[in-house]
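Data first, discussion second: the structure below is written as structure tokens.
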Protein chains: 2
Amino acid sequence: MRPPPWRIGQIAKRTGLSVRTLHWYDEIGLLTPSFRGESGYRLYTAADVARLQQIVSLRQLGFALEEVRACLDSPDFSPLTLIQRHLAHSRDRMEAQRRLCDRLEFLAAHWGETETVSVEELLQTIEEMNVIAKYYSPEQLEQLKVRGEQVGKARIRQVEDEWPKLMDEVRTEMEKGSDPSSEVVQALARRWMSLIHEFTGGDAGIEKSLQTMYSQEQSIHGTDLKAMQPMMDYIGKAWAAAK
Amino acid sequence: MRPPPWRIGQIAKRTGLSVRTLHWYDEIGLLTPSFRGESGYRLYTAADVARLQQIVSLRQLGFALEEVRACLDSPDFSPLTLIQRHLAHSRDRMEAQRRLCDRLEFLAAHWGETETVSVEELLQTIEEMNVIAKYYSPEQLEQLKVRGEQVGKARIRQVEDEWPKLMDEVRTEMEKGSDPSSEVVQALARRWMSLIHEFTGGDAGIEKSLQTMYSQEQSIHGTDLKAMQPMMDYIGKAWAAAK
DNA sequence: CCTTGACCCTCACGTTGCGTCGGGCCGTAC
DNA sequence: GTACGGCCCGACGCAACGTGAGGGTCAAGG
């Protein structure tokens with residue numbers, strides 16, 4: 001790092017940028033080295049390096065090269081609005097990134113120990129996620145995610161096992177024509193409501209969204225929701241009778 | 001949306017993609033419509049639309065077009081590792097985005113009500129942020145951010161006012177040669193330590209990093225840290241004497 | 001039959017910020 | 001003298017389209 005002016009390779013090493021990047025900055029006129037040797041070598045002075053460090057600093061904030069140029073080349077430029085614009089934009093992008101991570105995390109967790117997952121299963125699950133996202137607000141989804149972490153994956157699998165059994169039992173009672181106020185049906189209703197409550201975490205909004213989804217969609221997660229409608233009515237009656 | 005096959009414009013409206021995008025997918029062979037009319041119009045069948053929706057689904061996860069192609073075109077493809085790779089990558093990017101947002105937020109907040117900010121001030125502050133980031137771990141910075149929000153901006157400005165005054169008083173006592181165990185110096189030491197404590201929030205690690213920074217850097221935020229070294233020793237003696 | 005307007009086609013260049021060649025000159029050490 | 005590494009310029013490549021230019025097609029209306 002002996003005498004200024006320095007050649008391009010020195011500058012590259014010093015700043016961590018690539019030689020090509022410095023060529024590029026020169027080419028677009030963002031940083032033109034003050035001198036050229038007789039052989040055509042770019043020669044950078046201390047002032048050039050200072051400007052380059054400013055460029056690097058502004059780039060760290062995610063500014064585009066043209067914005068960096070605007071900052072450095074117009075002496076009375078006030079970067080405040082630029083920063084605020086960038087902040088808003090960055091926050092948006094971060095939100096999008098966060099949601100994407102959530103989705104990926106869910107998918108990764110969903111098949112945590114599974115060896116191989118087929119593309120069909122993946123697409124199926126994405127489709128379900130999209131359907132679900134249609135009915136819950138982002139905040140509700142966040143709530144559900146937290147709740148899912150609270151109850152643990154083991155319990156979730158337990159419940160996923162239990163649901164179809166419970167539905168079978170309810171269907172049986174319905175077909176037998178059992179009175180909703182009978183003790184057997186009451187017990188089923190209590191189990192039903194308990195599972196729902198475990199899912200919603202007692203949040204009324206989430207339960208509302210869940211019901212809206214059940215009434216609008218005809219199938220999800222392999223369950224025929226249309227066929228569930230009468231069951232829900234039946235259980236609803238039993239629950240009402242219990243009170 | 002009458003009879004399949006549909007023309008490109010219909011498909012575009014239906015999927016929310018642009019016509020150009022569909023052209024592009026055709027060009028790279030990701031989605032070639034099953035038919036062409038005699039006039040050369042692209043004609044998409046229901047199967048084409050189904051594939052397109054799969055493409056859109058996978059793109060939502062942030063997959064590159066080539067990855068989408070790999071998923072859809074090799075029948076025994078298992079996307080699990082792809083998802084995990086993507087998740088790791090996405091988390092990294094989100095972390096970077098978060099740090100960038102933090103920096104921008106700090107800058108925006110730093111000049112909250114100021115009308116115009118010069119580029120020099122901006123660059124100066126970025127430089128300080130870089131120096132600070134050299135000495136604190138990301139977790140510590142997060143802690144400091146939270147702490148800053150707790151104490152409020154008004155108090156921060158108060159402290160920023162108070163520091164130079166306190167330093168002046170300490171310097172005066174030093175030059176007078178006052179005994180560190182004297183009551184006057186003890187009082188100064190108590191004020192000094194109190195301010196430090198208010199900054200660190202009582203965190204030993206942060207205080208350590210702060211001291212490292214003070215000993216390594218020669219100037220920050222317009223304060224001559226080299227000149228502060230003897231003052232810190234002096235206060236240290238006074239504090240030790242107090243105990 | 002002609003026009004109009006919506007829709008479609010195929011090039012083909014622009015975008016961002018460089019990475020990565022290829023072919024050839026320059027500088028220094030052995 | 002020559003070998004090796006640094007530097008030059010020019011040009012293509014990248015991801016995923018956007019945005020024209022210039023021109024055909026189709027259905028309805030005058």
Measure from the side-chain heavy atoms of [X] and tell me the nearest of [options].
X	options	answer
A/Ile8	D/dA11, D/dT25, D/dC8	D/dC8
B/Arg36	D/dG18, C/dC9, C/dC18	C/dC9
A/Ser39	C/dC26, D/dG18, C/dC18	C/dC26
A/Arg7	D/dC17, C/dC18, D/dC7	D/dC7

5' priority, DNA chain C, between A/Tyr25 and A/Glu38 [closest heavy atom]:
A/Tyr25
Which residue, B/Lys13 or B/Arg42, contacts DNA chain C at a nucleotide closer to its 5' end, judged by nearest heavy atom?
B/Lys13
In terms of relative ring orientation, are A/Phe106 and A/His110 parallel, tilted or perpendicular, with 30° and 60° separating the classes?
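Rings of A/Phe106 and A/His110: parallel, as their planes differ by under 30°.
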Output the rounded distance in Å from [atom1] ([X]) to [atom2] ([N]).
X	N	atom1	atom2	value
A/Ile28	C/dC18	CD1	C1'	10 Å
B/Glu27	D/dG18	CD	C1'	13 Å
B/Trp6	C/dC8	CH2	P	15 Å
A/Leu65	C/dG17	CG	P	4 Å
B/Ile55	D/dA16	CD1	P	12 Å
B/Asp26	C/dC8	CG	P	14 Å
A/Trp24	C/dT15	CH2	P	9 Å
A/Leu43	D/dG6	CG	C1'	13 Å

Are A/Arg59 and C/dG17 close enough that a side-chain N or O sits under 4.0 Å from OP1 or OP2?
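Looking at the OP1 and OP2 atoms of C/dG17, one of them is under 4.0 Å from a side-chain N or O of A/Arg59.
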Would you tell me if any nitrogen or oxygen in the side chain of A/Ser18 comes within less than 4.0 Å of OP1 or OP2 on C/dG19?
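Answer yes for this pair, as a side-chain N or O of A/Ser18 is under 4.0 Å from OP1 or OP2.
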Assign B/His23 to base, sugar-phosphate, or nothing according to its heavy-atom contacts below 4.0 angstrom with the strands shown.
base
Minimum heavy-atom separation for A/Glu142 to A/Arg98, with atom names?
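Shortest heavy-atom separation between A/Glu142 and A/Arg98 comes out as OE1-NH1, 3.7 Å.
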Flag the pair B/Arg59 and B/Glu67 as a salt bridge only when some basic side-chain nitrogen lies within less than 4.0 angstrom of an acidic carboxylate oxygen.
no
Do the side chains of B/Glu217 and B/Lys226 get close enough for a salt bridge, i.e. N-O under 4.0 angstrom?
no
Side chains of B/Gln53 and B/Thr15: is there a donor and an acceptor less than 3.5 Å apart?
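No donor-acceptor contact under 3.5 Å links the two side chains.
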5′-ward residue of the pair B/Tyr41/B/Phe63 relative to DNA chain D
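Per heavy-atom nearest nucleotide, the more 5' residue is B/Phe63.
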